[in-house]
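Working notes, beginning with the structure itself.
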Amino acid sequence: MKNRELSEIFEKIGDILEFKGDSSFRVNAYRKAARVLQDLTEDIEIIHQEGRLRSIPGVGEGIAKKIAEYLETGKMTKYEEVRKDIPDDLIRLLGIPGMGPKTTALVYKKLGIENIEDLEKAVQEGRLRDLPGLGAKKEENILRGIKLLREAGKRIPLGVALPLVERVVADLQERAQVNQIYPAGSLRRRKETVGDIDILTTGTDGGRIIEAFTSSPGVRDVLARGETKGSIIAEGGIQVDLRVVPQNSYGSALQYFTGSKAHNIHLREIAKSRGMKISEYGIFRGEERLGGEREEDIYSILGLSYIPPELREDRGEIEAAQEGKIPQLVEGEQIKGDLHVHSRWSDGTATIRELALRAREMDYEYIAICDHSQSLKFAGGVSLEDMAKKLEEIERVNREVEGVRTLSGTEVDIKTDGSLDYPDELLERLDLVVAAVHTGFKQPEELITRRIVAALENPNVDIIAHPTGRLISSREGYSLDLGEVFSVAAETGTALEINAYYDRLDLSDVNCRRAQEQGVKLSIGTDAHHIDQLWMMKLGVAVARRGWVGPAQLLNTWPLERLLAWLKTRGG
DNA sequence: GCCGTTTTCGGCCCGACTGTTTTCAGTCG
């Protein structure tokens with residue numbers, strides 16, 4: 001699958017052309033193509049083979065040719081051409097806040113600056129202030145930008161940002177006179193990582209609200225404190241902005257600050273083509289204000305059905321809304337259980353009884369205890385002898401804790417040769433079998449794919465856990481032919497997991513969408529190793545929603561009886 | 001470079017802020 005490679009190349013072409021001062025519209029065309037390719041649910045090679053490149057939005061004659069050239073020859077002439085006389089490091093200067101293409105080109109041409117170190121030195125020596133259009137203030141800004149890029153520039157996982165924001169919001173509701181208050185931005189869209197956090201509120205006394213915000217506990221640094229906007233660095237180094245907006249434009253401001261940028265641009269194009277205009281202050285026709293108090297106004301006035309924030313990435317949701325075909329997304333309340341948790345029997349910290357009790361508190365109908373299998377020594381894999389005792393304990397808990405069904409399960413290791421880490425006789429006795437790769441990450445794509453396909457084809461296996469093996473903060477997944485995995489999973493009826501642990505979120509949103517389109521069943525499991533990690537279910541729900549997933553193909557929305565009936569039709 | 005219920009040519013999102021300016025260019029979200 002070359003989607004990502006191509007996306008990166010077009011992104012770079014866009015950067016270089018922008019630096020060279022090419023038409024901003026051409027630059028944007030490359031960037032749009034890059035984004036669309038990145039989000040594509042289909043394999044670009046297949047689209048090319050079937051002659052459908054031009055049907056991709058944002059791909060016209062020129063870009064289609066370039067994609068074809070790259071897929072056929074492994075090279076793209078245009079890319080080779082534009083980057084020929086441009087040092088790679090130079091383009092990285094564009095990543096410094098305050099350094100745009102014009103300034104970068106200026107310092108490159110006049111001072112021969114080619115990288116961040118050169119730039120830093122030149123600023124310290126005060127050599128930038130003599131250039132036309134630059135001054136001492138600009139030098140200061142650039143220095144701050146360099147510092148910012150080095151220190152921060154890092155996105156934090158949704159699972160870290162979400163609890164933080166919940167605390168900030170609760171604190172403000174308690175201490176300040178706020179009416180409505182709601183987080184916007186990528187956090188509201190539930191993107192898997194978040195850059196900074198925007199919170200929107202309405203209230204009569206902006207100054208007091210901002211004062212309360214900047215003096216709340218957990219504030220490490222205050223960057224700005226005005227009447228309508230406050231900006232802080234919270235513990236953990238993440239920037240949080242609070243904006244106080246007028247009541248009558250709360251909806252349009254929420255819409256605007258939620259983004260994504262691509263979604264908003266597309267929306268504004270539609271507004272413009274109908275003689276209207278959208279901004280954070282409202283939706284207008286000429287001088288006439290048509291709406292803005294409620295977010296729904298913006299969409300309904302444009303003739304669109306409401307678009308849930310998780311879909312707002314310009315991945316086809318606007319077209320769907322025009323046709324009234326926004327899918328019914330899974331809701332948190334529809335989740336009836338957790339299908340992957342660990343207990344003390346392997347590397348978890350909770351007893352089975354504790355897990356069952358907590359599941360009941362959460363109004364679940366079931367919870368599946370899926371400890372590691374025997375050969376995963378480093379994770380306390382459960383031996384065959386212990387498994388017998390564990391099954392007895394589960395039976396006991398089921399007798400004692402009523403109102404929730406504790407399912408006997410395992411997260412059986414798919415060994416490097418593709419066999420499973422427990423004999424089939426044991427797997428058959430369990431309620432639910434989750435299988436996963438934990439070793440041999442470096443194996444070639446073909447081999448890993450074959451291991452997973454073998455597991456999919458084993459009738460005892462119900463779910464494949466964290467199918468790609470990626471870790472958000474530290475590890476790319478193993479090489480895997482996901483297309484093949486999806487097509488086999490659709491055939492065998494085996495479900496693929498959306499692992500909701502905050503650092504995994506695997507499958508990812510786009511991959512969920514692909515899987516669902518191909519008829520694959522999905523399952524959310526928190527992979528919780530601690531009782532206080534069960535809340536991460538909502539992260540899994542967020543990924544599912546971002547992947548356009550509805551309740552139909554999602555096991556966790558099924559009531560216990562239906563789930564058991566399905567499990568019965570399978571081995572194990 | 002893309003795209004078409006005004007268009008196959010002539011458009012291409014919107015507003016704010018900053019710093020260097022004397023009416024605006026560059027950058028950002």
Side-chain angles (χ1 to χ4, degrees), chain A residues 10-11 13-14 16-37 53-67 76 78-79 82 93-107 128-142 144-145 148-149 184-186 189 194-198 200 223-224 226 228-229 231 239 241 243 245 249 252-253 255-284 292 298 302-303 314 318-319 322:
Chain A
F10 286 132
E11 189 67 46
I13 293 178
I16 297 172
L17 291 183
E18 180 176 50
F19 166 75
K20 288 186 166 174
D22 207 325
S23 144
S24 61
F25 303 114
R26 186 173 292 118
V27 170
N28 278 335
Y30 278 109
R31 288 192 175 147
K32 179 166 186 192
R35 184 177 57 74
V36 169
L37 286 177
L53 286 178
R54 293 288 301 274
S55 70
I56 304 170
V59 175
E61 198 187 337
I63 288 188
K65 264 192 193 153
K66 293 177 178 76
I67 294 174
M76 192 186 297
K78 174 80 177 180
Y79 181 46
V82 297
L93 292 184
L94 295 172
I96 302 171
M99 287 290 289
K102 295 292 192 303
T103 315
T104 305
L106 187 69
V107 300
L128 254 58
R129 64 185 64 184
D130 301 330
L131 297 176
L134 302 186
K137 277 269 176 63
K138 187 78 184 171
E139 281 184 340
E140 239 173 75
N141 264 340
I142 291 172
R144 195 161 55 225
L148 221 61
L149 181 71
S186 50
R189 303 201 311 280
V194 178
D196 53 15
I197 296 169
D198 268 312
L200 241 58
L223 302 177
T228 63
K229 181 181 167 181
S231 197
Q239 182 173 338
D241 293 348
R243 296 164 199 277
V245 301
S249 56
S252 45
Q255 196 287 320
Y256 170 79
F257 285 110
T258 296
S260 70
K261 189 177 171 181
H263 174 89
N264 284 354
I265 289 174
H266 194 158
L267 225 52
R268 286 165 188 201
E269 281 168 359
I270 291 176
K272 191 165 182 172
S273 73
R274 304 196 183 160
M276 293 185 263
K277 189 183 73 169
I278 305 173
S279 75
E280 61 258 54
Y281 301 109
I283 176 163
F284 304 87
I298 310 291
L302 289 175
D314 196 24
I318 293 176
E319 291 81 354
Q322 281 174 321

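Every chain is numbered from 1, with letters handed out A, B, ... down the list of sequences.
Counting any heavy atom pair closer than 4.0 Å across all strands shown, A:Lys65 reaches no nucleic acid atom. Residue-level contact check: A:Ile96 touches the backbone only, with heavy atoms under 4.0 Å from sugar-phosphate atoms and none from bases. Residue A:Lys277 is in sugar-phosphate contact alone, with no base atom involved, counting any heavy-atom pair closer than 4.0 Å across all strands shown. Counting non-hydrogen atoms under 4.0 angstrom, A:Pro101 reaches the backbone sugars and phosphates but no base. A:Ala105 comes within 4.0 angstrom of no nucleic acid atom, judged by non-hydrogen atoms across all strands. Note on A:Thr103: only backbone sugar-phosphate atoms sit closer than 4.0 angstrom, heavy atoms only; bases stay farther off. No engagement by A:Val27 is indicated, since no non-hydrogen atom pair under 4.0 Å with the nucleic acid exists. Using a 4.0 Å heavy-atom cutoff across all strands shown, A:Leu134 reaches sugar-phosphate atoms only and no base atom.
At a threshold of 4.5 Å between non-hydrogen side-chain atoms, the residues A:Arg189 and A:His263 do not count as touching. Side-chain contact check for A:Lys78 versus A:Lys65: every heavy-atom pair is 4.5 Å or farther apart. Residues A:Arg268 and A:Tyr256 meet the side-chain proximity criterion, which asks for heavy atoms closer than 4.5 Å.
Residue A:Glu280 has its side chain nearest to B:dA16 when only B:dA16, B:dT27, B:dG1 are considered. Proximity note for A:Lys102 (side chain, C-beta onward) versus B:dC14, B:dG1, B:dT27: the nearest is B:dT27. In the set B:dC2, B:dC28, B:dG19, the nucleotide with an atom closest to the side chain of A:Lys137 is B:dG19. In the set B:dC2, B:dC14, B:dT18, B:dC2 carries the atom at the smallest distance from any side-chain atom of A:Ile63. Relative to the side chain of A:Lys138, the nucleotides B:dC13, B:dT20, B:dA16 differ in distance, and B:dT20 lies closest. Closest contact between the side chain of A:Arg26 and the listed nucleotides B:dC14, B:dT27, B:dG1 involves B:dG1. Set against B:dG1, B:dG15, B:dG26, the side chain of A:Phe25 has B:dG1 as its closest nucleotide.
The interatomic distance linking A:Leu53 (CG) with B:dC3 (P) rounds to 13 Å, in whole Å. Rounding to whole angstrom units, NE2 of residue A:His266 and C1' of B:dC13 are separated by 12 Å. For the pair A:Leu106 CG and B:dG19 P, the interatomic distance rounds to 17 Å; values are reported in whole Å. Here the C1' atom of nucleotide B:dC17 and the CG atom of A:Asn141 are 11 Å apart, to the nearest Å. A:Gln255 has its CD atom 18 Å from the P atom of B:dG29, to the nearest Å. Atom-to-atom, CD1 of A:Ile265 to C1' of B:dG15 comes out at 13 Å; the value is rounded to the nearest Å. The interatomic distance linking A:Ile270 (CD1) with B:dC3 (C1') rounds to 14 Å, in whole Å. Rounded to a whole Å, the NZ atom of A:Lys261 is 15 Å from the P atom of B:dG15.
Base pairing annotation: B:dT8 forms no Watson-Crick or G-U wobble pair, as no partner gives both donor-acceptor distances under 3.5 Å.
A:Arg144 and A:Asn141 are linked by a side-chain donor-acceptor pair at a separation below 3.5 angstrom, with hydrogens and angles left out of the test.
Using modelled atom types, no side-chain atom of A:Arg26 and backbone atom of A:Leu17 make a donor-acceptor pair closer than 3.5 Å.
Among all heavy-atom pairs drawn from A:Gly14 and A:Val27, the shortest one is O-CG1, 3.5 Å.
Applying the 4.0 Å criterion to OP1 and OP2 of B:dA16, one finds that A:Tyr281 has a side-chain N or O inside that range. OP1 and OP2 of B:dC2 both lie 4.0 Å or more from every side-chain N or O belonging to A:Asn28. Within the structure, a side-chain polar atom (N or O) of A:Lys272 is placed less than 4.0 Å from OP1 or OP2 of B:dC12.
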Can you give me every donor-acceptor pair (side chain of residues 271-281 of chain A, partner residue at least two apart or in another chain, under 3.5 Å) with its distance?
residue: A:Ser273; atom: OG; partner: A:Ile270; partner atom: O; Å: 2.7
residue: A:Arg274; atom: NH1; partner: A:Leu302; partner atom: O; Å: 2.5
residue: A:Ser279; atom: OG; partner: A:Tyr281; partner atom: N; Å: 3.0

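Taking atom P in both B:dT5 and B:dG1, one finds a spacing of 23 Å when rounded to whole Å.
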